[in-house]
Colleague: 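Here it is, the structure, as structure tokens.
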Amino acid sequence: KDLPQGDLQLDSLRYSSEKTELQGTAKSTNSIQLLREAIEKKKLDVKAGDILQIPGGGFRFSLSIQEAKR
């Protein structure tokens with residue numbers, strides 16, 4: 001809800017009983033960080049994979065999400 005509409009696009013979602021992986025594109029690294037923080041508020045562990053700048057502007061990213069081990 002905190003991101004302007006259209007800032008993030010999810011290209012793939014893979015999940016298993018152990019983890020979930022998101023891959024997508026974002027207009028800025030700030031958008032990726034806000035998504036990560038929103039997921040962490042749900043008491044999940046989030047690890048960022050590669051964040052690469054893409055031609056024409058924007059960034060490609062991947063996130064790995066697991067249940068928090070606390």
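One is the number of the first residue; the rest follow in order along the sequence.
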Colleague: Is there a continuous path of hydrophobic side-chain contacts, each under 4.5 Å between heavy atoms, that joins Leu35 to Leu13?
Modeller: yes
Colleague: Linking I/L/V/M/F/W/Y whenever their side-chain heavy atoms sit closer than 4.5 Å, directly or via other members, would Leu52 and Leu63 fall into one cluster?
Modeller: no
Colleague: What are the two closest non-hydrogen atoms of Ser64 and Lys19, and how far apart are they?
Modeller: OG-CD, 3.6 Å
Colleague: If I compare all heavy atoms of Ala68 with all of Asp45, which pair ends up nearest, and what's the gap?
Modeller: CA-OD2, 3.4 Å
Colleague: Could you report the tightest heavy-atom contact between Thr25 and Arg60, atom names first, then the distance?
Modeller: CG2-NH2, 3.8 Å
Colleague: Determine, using the 4.5 Å side-chain heavy-atom cutoff (strictly less than), whether Leu44 and Leu10 are members of one ILVMFWY cluster.
Modeller: yes
Colleague: Let me confirm one number: the OG-CD distance from Ser12 to Glu21, rounded to the nearest 0.5 Å.
Modeller: 8.0 Å
Colleague: Considering non-hydrogen atoms only, spot the tightest contact between Gln23 and Ser62 and give its length.
Modeller: CG-CB, 3.9 Å
Colleague: Roughly how far apart are Leu22 CG and Phe61 CZ, rounded to 0.5 Å?
Modeller: 6.5 Å
Colleague: One thing to verify: whether Arg36 and Glu40 come together as a salt bridge, which I'm taking to mean a side-chain N less than 4.0 angstrom from a carboxylate O.
Modeller: yes
Colleague: For Glu67, is the CD atom crowded, meaning more than 12 foreign heavy atoms sit under 6.0 Å from it?
Modeller: no
Colleague: Of all heavy-atom pairs between Asp11 and Gly24, which one has the smallest distance, and what is that distance?
Modeller: OD2-CA, 3.5 Å
